[in-house]
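Predicted, not measured: the structure shown is a model, and the values here were computed from it. The chains referred to below are lettered A, B, ... by the order of the sequence lines, with proteins before strands, and numbering in each begins at 1.
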2 protein chains.
Amino acid sequence: MDQRRTDTREQIQSVALELFAEKGYDRASLREIAERLHVTKAALYYHFRTKDDILASVIEDFLLQLDALVKWAHEQPSDVDVREEVLRRYSALLTGRTAQLARFMREGMAKIPELALGMKIRAHFAALIDVLAGPGEHTEDRLRAQVALAALQLATLSDPDLEPADDETDRRAAALRIATDLVQPSPPAP
Amino acid sequence: MDQRRTDTREQIQSVALELFAEKGYDRASLREIAERLHVTKAALYYHFRTKDDILASVIEDFLLQLDALVKWAHEQPSDVDVREEVLRRYSALLTGRTAQLARFMREGMAKIPELALGMKIRAHFAALIDVLAGPGEHTEDRLRAQVALAALQLATLSDPDLEPADDETDRRAAALRIATDLVQPSPPAP
DNA sequence: GTCTATAAGGTGATAGAC
DNA sequence: GTCTATCACCTTATAGAC
């Protein structure tokens with residue numbers, strides 16, 4: 001079942017993501033992607049219509065996971081415990097393949113507003129921030145939620161000044177603690 | 001005194017920075033910079049040897065300000081009050097022209113490690129983080145400091161879901177409160 | 001599904017006149 | 001200091017054979 005003769009399409013996504021994370025979307029060329037796969041550029045065009053499509057396809061996957069998370073949150077009562085669980089799940093999402101994606105996605109978010117993909121990404125994150133910020137339209141609550149997500153994202157980048165041993169697990173756990181603190185209601189219960 | 005016939009060089013820096021912030025370094029072409037200034041590409045090359053040089057020149061200015069801030073901090077006793085003041089000063093730095101720079105500088109930080117400029121930027125920020133993290137080599141303290149800086153940076157980007165009225169001042173103030181909380185020693189004094 | 005070959009256009013950069 | 005003209009290169013993307 002689902003036994004295609006090749007898995008080239010997925011390999012392209014994988015290698016492309018790897019390269020996007022390494023040097024950013026613009027600096028990653030189709031030529032280099034093709035070379036790493038030992039195929040030609042033209043072969044890529046059999047699987048994807050454009051370079052943008054490769055990026056989009058891999059981002060869409062992530063947005064689907066985000067969707068599921070937001071949907072789940074909306075089915076729960078809106079309290080702090082749920083928000084903390086949302087952070088835990090989001091942190092778990094930023095792992096392996098997805099970590100590479102998250103690493104340069106903010107680049108895409110910051111990019112030209114008229115870019116359709118950029119708007120889509122922003123919209124999805126806005127939904128997540130709504131959940132984390134809780135009710136009310138307070139500037140600071142929303143910003144705290146944004147910062148909490150940024151903290152989790154920051155953890156995926158390694159700090160060159162630190163032992164590699166600390167990396168990954170420690171950093172990820174620390175980030176989760178920080179993020180959790182950030183979404184506490186204004187006067188935290190003692 | 002210092003009355004040059006033209007200020008083209010500074011105008012180039014200004015327009016370039018504007019464009020870098022708009023579309024990122026890679027997507028900003030020399031052609032477009034030249035067009036906005038109503039000069040030709042070749043004219044740019046009279047003032048700067050390369051495109052990288054334009055970016056470097058404008059970043060160096062910022063790094064000098066960072067240096068001064070770190071130097072000042074080192075002359076003070078290493079306590080929480082000083083760290084809070086460092087955050088206030090850093091927040092003030094992220095204003096106007098410099099805000100545009102900060103907006104896409106993380107792009108440069110994330111970029112290829114072998115890039116000389118990227119390493120320089122990272123080194124300067126590492127010094128600032130050392131100050132904010134306080135003594136000791138705890139993963140979480142350093143991460144908190146990183147997140148605090150990220151919070152201030154995030155404030156410079158506008159949240160499309162919010163009234164423009166809230167913008168700027170409110171957001172900046174909220175970010176400073178969040179950042180300040182983040183650099184408090186582990187058990188905050190009551 | 002993958003190839004060779006090539007189109008079409010933009011890029012950073014240089015030479016040399018004015 | 002700024003121009004015109006041009007270079008060499010690399011990019012995404014397409015056409016058509018195998």
Side-chain angles (χ1 to χ4, degrees), chain A residues 1-60 104 107-108 111-112 114-118, chain B residues 1-60 104 107-108 111-112 114-118:
Chain A
M1 326 74 178
D2 189 24
Q3 188 67 357
R4 296 192 257 16
R5 289 212 294 293
T6 68
D7 57 345
T8 314
R9 197 190 143 90
E10 273 132 42
Q11 281 186 318
I12 293 174
Q13 289 175 316
S14 198
V15 169
L17 182 52
E18 193 178 303
L19 235 90
F20 292 163
E22 258 176 52
K23 18 201 330 183
Y25 178 68
D26 287 321
R27 292 175 120 91
S29 75
L30 292 181
R31 179 182 55 74
E32 200 168 353
I33 295 175
E35 272 170 9
R36 283 207 189 175
L37 282 170
H38 307 292
V39 297
T40 62
K41 271 186 303 170
L44 306 182
Y45 280 97
Y46 175 81
H47 297 277
F48 297 95
R49 238 171 38 81
T50 66
K51 184 187 180 185
D52 280 357
D53 271 16
I54 302 181
L55 176 62
S57 80
V58 77
I59 287 191
E60 302 280 2
F104 77 102
E107 183 187 306
K111 218 152 261 166
I112 348 172
E114 67 254 33
L115 203 90
L117 187 57
Chain B
M1 325 76 179
D2 190 22
Q3 188 67 358
R4 296 191 255 18
R5 286 213 294 294
T6 68
D7 56 347
T8 313
R9 198 191 143 90
E10 272 132 43
Q11 281 185 317
I12 292 174
Q13 289 174 316
S14 199
V15 170
L17 182 52
E18 195 178 302
L19 235 92
F20 292 162
E22 259 176 52
K23 16 204 327 185
Y25 178 68
D26 288 320
R27 292 175 120 90
S29 72
L30 292 179
R31 180 183 54 75
E32 199 167 352
I33 295 174
E35 272 171 10
R36 284 207 189 176
L37 281 171
H38 307 290
V39 296
T40 61
K41 267 190 306 171
L44 305 182
Y45 280 95
Y46 175 81
H47 298 276
F48 296 95
R49 240 170 38 81
T50 66
K51 185 186 179 185
D52 281 357
D53 271 16
I54 302 180
L55 177 62
S57 80
V58 76
I59 288 190
E60 302 280 3
F104 78 101
E107 182 187 307
K111 217 153 262 165
I112 349 172
E114 66 253 34
L115 204 90
L117 187 56

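Rounded to the nearest 0.5 angstrom, A/Thr50 OG1 and A/Leu55 CG are separated by 9.5 Å.
Across the protein-nucleic acid pair, A/Gln11 atom CD and C/dG1 atom C1' stand 13 Å apart, rounded to whole Å. Computed from coordinates, the A/Ile12 CD1 to C/dT2 C1' distance equals 11 Å when rounded to whole Å. Taking atom CG of residue B/Asp53 and atom P of nucleotide C/dG12, one finds them 14 Å apart after rounding to whole Å. Atom CG of B/Leu30 is separated from atom P of C/dT14 by 11 Å (rounded to the nearest Å). Atom pair A/Asp52:CG and D/dA13:P shows a separation of 7 Å (rounding to whole Å applied). Whole-Å rounding puts the A/Phe48 CZ to D/dT12 C1' distance at 16 Å. Spacing between atom NE2 of A/His47 and atom C1' of C/dG1 amounts to 6 Å, rounded to whole angstrom units. Rounding to whole angstrom units, CZ of residue A/Arg9 and C1' of C/dG1 are separated by 14 Å.
The phosphate of D/dT2 has OP1 or OP2 within less than 4.0 Å of a side-chain N or O from B/Thr8. Side-chain nitrogen and oxygen atoms of A/Arg31 include none within less than 4.0 Å of the OP1 or OP2 phosphate oxygen of D/dT12.
Using a 4.5 Å heavy-atom threshold, the side chains of A/Glu32 and A/Lys23 count as touching.
A search for side-chain contact (heavy atoms from CB on, under 4.5 Å) contacts involving B/Glu18 returns B/Glu22, B/Arg36, B/Gln100, not counting sequence neighbours. Qualifying side-chain contact (heavy atoms from CB on, under 4.5 Å) partners for B/Gln11, counting only residues two or more places apart in sequence or in other chains: B/Asp7, B/Leu37. Every residue meeting the side-chain contact (heavy atoms from CB on, under 4.5 Å) condition with B/Phe48, not counting sequence neighbours, appears here in chain and number order: B/Arg9, B/Ile12, B/Gln13, B/Asp53, B/Ile54, B/Ser57. Remark: B/Ala42 engages B/Thr40 in a side-chain contact (heavy atoms from CB on, under 4.5 Å) (not counting sequence neighbours).
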Does the pair A/Asp52 and A/Tyr25 meet the rule for a side chain to side chain contact (heavy atoms under 4.5 Å, CB included), with working shown? CA-CA 9 Å; A/Asp52 280 357; A/Tyr25 178 68; 2.3 Å; yes

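Comparing D/dA13, C/dG12, D/dT2 by their nearest atom to the side chain of A/Thr50 picks out D/dA13.
A/Tyr45 does not carry A/Lys51 over the face of its six-membered ring by the limits of under 6.0 Å from the centre and within 45° of the normal.
DNA chain C lies under 4.0 Å from at least one heavy atom of each of the following residues of residues 36-46 of chain B: B/Lys41, B/Ala42, B/Tyr45.
Five base pairs at each end of the helix from C/dG1-D/dC18 to C/dC18-D/dG1 define two local axes, and these are offset by 10° (rounded to 10°).
Considering all non-hydrogen atoms of both residues, B/Leu44 and B/Leu30 come closest at CD1-O, 3.7 Å.
A/Ala34 comes within 4.0 angstrom of no nucleic acid atom, judged by non-hydrogen atoms across all strands.
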